[in-house]
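See structure below.
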Protein chains: 2
Amino acid sequence: MSFDDVIELAKRRGFFWPSYMIYGGSSGFYDYGPLGTLLKDNIIAAWKREYAREGAIFLDTPVISPADVFRASGHLEKFSDIAVKCSKCGTPYKFESLIKSLGINEIAKTVDEAAAILEKYDVKCPKCGEKLKNPYDFNLMFRVGSNDLYLRPETAQGIFINFKNLYNYARNSMPIIVCQVGKGFRNEISPRQALIRMREFSQAEVEVFYIENDDFPIPDSSVELNMLRNTGDLLKMKVSDALRSGIIGNRVMAYFLNKTYEILLKLGFQPDHIRAREHDPGERAHYSSETWDFEYLLDGDWTEIVGVSDRGTYDLGRHQQFSGENFQIDGRTPKVVEPSYGLDRILLTIMDSSYYRRENGYKVLRLDPHISPIHMAIFPLQKRDDLDKIAKDLFEKMKNIDPFIFYDDSGNIGRRYARQDEIGTPFCVTVDYQTKDDETVTIRERDSTSQVRVKISDLLERTRSFPDSLSALF
Amino acid sequence: MSFDDVIELAKRRGFFWPSYMIYGGSSGFYDYGPLGTLLKDNIIAAWKREYAREGAIFLDTPVISPADVFRASGHLEKFSDIAVKCSKCGTPYKFESLIKSLGINEIAKTVDEAAAILEKYDVKCPKCGEKLKNPYDFNLMFRVGSNDLYLRPETAQGIFINFKNLYNYARNSMPIIVCQVGKGFRNEISPRQALIRMREFSQAEVEVFYIENDDFPIPDSSVELNMLRNTGDLLKMKVSDALRSGIIGNRVMAYFLNKTYEILLKLGFQPDHIRAREHDPGERAHYSSETWDFEYLLDGDWTEIVGVSDRGTYDLGRHQQFSGENFQIDGRTPKVVEPSYGLDRILLTIMDSSYYRRENGYKVLRLDPHISPIHMAIFPLQKRDDLDKIAKDLFEKMKNIDPFIFYDDSGNIGRRYARQDEIGTPFCVTVDYQTKDDETVTIRERDSTSQVRVKISDLLERTRSFPDSLSALF
């Protein structure tokens, strides 16, 4: 399937679309429409349940932060991209993307190196042909108001600076797994389309504080993972074996790489559409000593959806140094492993990986029932003979149990199925003439298109523990 | 109970605390800790279900908006407070609060009027005694970066500018109820403590687009509402009667005032702790022709927790004018009623209204089980004779069904109950010696402190449809 089809579906059916279009748009911002909002909420809820099962605790801190925080974290000094602006037409470019798009295989770590590369390859503005020069460092953080405030570029710092409060909450026991879901902001030089690189985005981040590597067990997974090492080797193996053979640096990294893989599979990704790629030393963020990105092959490009980093003692150490607080436990600073999930990218790539056409050409979004925006649709077979009245009564009853359902009586029944298939609704319930005789309805399952007939009372009872109770019927 | 006790509990047990304390704090920002994050999430989920039952659709738009949006909405021009800064000690004051705190009963609509009042009453700086003069307009919006971008002061505008997309999603049918939950930002001159007036806050807003007043039925409510009219009359009556007698201006306002009241009661507020207060004409926001605030008596002050405003055709009309888009349907611009919920204030006041002491002096948070942060605690009666092993096994099984549970085996059982009571956990399950004989456990309910004994298999089954199935036992 083409990626463009997914974007077209997203816009037409109300998953997401570019923001502020009535005012000409604003690059790097997207709106989630009615279905996208529900899908995103459901992904977050599923993610939260997975980490709650690990004993994680949750935190919710402001997006506006004083400069002190980012002075300590290193973001004020180091969180920048090299940019270059055309002196003739004014188009700004992110140096790294520009060079890559021109097929130049070089890396610049400093502005001087970037200037040398522009000179060496005689790089010209792709838009107007002017020679590009004078690259500069561009800090990606947005400043707020006239005060010394910034919009956070990641949710993580709100967790680090609260370490003592969290340790207190955990009754002074270690390890501690802390999760935060929220917005992050980066003043991207060149935002990319459709949720991939936005100026405002949603993250689900986890900071795992631990003292000893054996605070977590060797992970137990039955599914092999595609792994691309920074040596270039491509392997397919269990995470536990990658740990034993030294490919993954330590047990905590392995545990959360495995956990992340399990979550992605539960969300509905196919194992072969995902890989974990090890960062090159020069590619890693300033705080990291080992990073693996989970990537999904989107429209021909491997795209990061989760990063798992070994942040060591960097963050607590820096905040200890800058704030004067003592973050040590028994004289040792806890270490940190961070799985960081890009929620917008996960939503987009789940839609991409779920999208297919039936043999008859009809489009289907094969979303996992736990995250489908609409849980169930209810139809009368016909809009007469009281079938619509019975269906509406059932709809009203159902809403009290699960309000995320949809009533539809327009067009023929095949068309109504197709409309729900396209947005990933897992179950469609139809009230037909037999309903009047025996109070049964049909339930049609999206992927198999098979139908079962159940008592209305049974449907209501099973809906109480949606969706597993219904899935069990098929 | 004292409000200070609630704040103390909130901090000690991990509901919320002031942000950035390791860097000396930053006025107007709060962190939600582990329990507060879950409580807030549960309030949002309950609220969403209530509106989904009304057929509402959801939207999620960026917090960063281009200036165009606020030029049209009127916020750039009008969303300001009159401020005055002491020329000697530099303390900034919000004029309205300052005057009120000094017992001066005057209202200033312009900077000139404010200057006259300062002069007339010879107002001095409460901090250093210097005479205060030169009041000025202070726009409450935060500017972002060096571009023409702002942080939204309310979520509402993201809904208005998407009206055409939403109308399209609703297959061109009216009325449309649109909900958005998200952050808003106001650069408050003098933030107030503890979630009441913050620079960054969470809102749950609803924009109801309608054409005719009879798009909604006359609301049906059995519970009378305390209503304070702007004439000074205090009434206690059903919303439907207030509509019939002309106290509420139109049917859509009445329908959503009633809906809001029902939601507040479901969230656990007592009818007598709430009132609806009608705004004075001079007090209303620039877009409103009728506004009622739901208020809760907090620490001696009636505090707004929800505002329900008749915004008429103001917003769509302005965006139509400024963007050139046509928002009319059959030549008429839809009207708007807006219930706007302050989530932080609701969380704080729910905690306040739920907090009490038992006769033995123990503290209890009588939260509705649907919003309690921890759903259930599991204890072994003793940490020996395999009771802890059985309890831990049960805990592991339960986590797969509902992960928001807590295991505790430290201290005596009375102390463990008390710890859970204080954070609002509705049910505590204890594994005791009888469990070894017949696979039953006791479930103790928080408010009645009564206990029932059930089979473990029954508990697991009932947890699937938590919390109603358990509440039914008591």
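Each chain gets a letter, A, B and so on, in the order the sequences are listed, and its residues count up from 1. Reckoned from all heavy atoms, side chains included, excluding hydrogens, waters and symmetry mates.
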Pick from [options]: which one has the most heavy-atom pairs with chain A under 4.5 Å?
| options | value |
| --- | --- |
| B/Ser19, B/Gly158, B/Ser65, B/Gly36 | B/Ser65 |
| B/Tyr32, B/Tyr20, B/Phe16 | B/Tyr20 |
| B/Lys11, B/Arg53, B/Arg143 | B/Arg53 |
| B/Asn187, B/Ile405, B/Asn162 | B/Asn162 |
| B/Gly182, B/Ala170, B/Gly145 | B/Gly145 |

Check each atom of [X] against the heavy atoms of chain B and say whether the ones under 4.5 Å are side chain, backbone, both or neither.
| X | answer |
| --- | --- |
| A/Lys40 | side chain |
| A/Phe395 | neither |
| A/Ser26 | side chain |

Specify which of [options] makes the most heavy-atom pairs with chain B at under 4.5 Å.
| options | result |
| --- | --- |
| A/Ile161, A/Asn168, A/Leu166, A/Val69 | A/Ile161 |
| A/Tyr150, A/Phe404, A/Phe201, A/Tyr51 | A/Phe404 |
| A/Glu396, A/Glu200, A/Lys399, A/Glu50 | A/Glu200 |
| A/Ile44, A/Asp68, A/Ile57, A/Ile22 | A/Ile22 |
| A/Ile401, A/Leu38, A/Val63, A/Leu35 | A/Val63 |
| A/Lys48, A/Arg13, A/Met141, A/Gln180 | A/Lys48 |

| query | At what distance, to the nearest 0.5 angstrom, does CZ of A/Phe142 lie from CG of B/Leu151? | reply | 9.5 Å
Side chain to side chain, [X] and [Y], heavy atoms closer than 4.5 Å:
| X | Y | value |
| --- | --- | --- |
| A/Arg171 | B/Ser410 | yes |
| B/Arg199 | A/Ile64 | no |
| A/Asp60 | B/Asp41 | no |

Shortest non-hydrogen separation from [X] to [Y] and the atoms involved:
| X | Y | value |
| --- | --- | --- |
| A/Leu59 | B/Trp17 | CD1-CZ2, 4.0 Å |
| B/Ser323 | A/Tyr23 | CB-CE2, 3.6 Å |
| A/Pro62 | B/Lys183 | CA-NZ, 4.3 Å |

| B/Phe406 portion near chain A, given a 4.5 angstrom heavy-atom threshold | side chain
| Is it the side chain or the backbone of B/Phe15 that comes within 4.5 Å of chain A heavy atoms, both, or neither? | neither
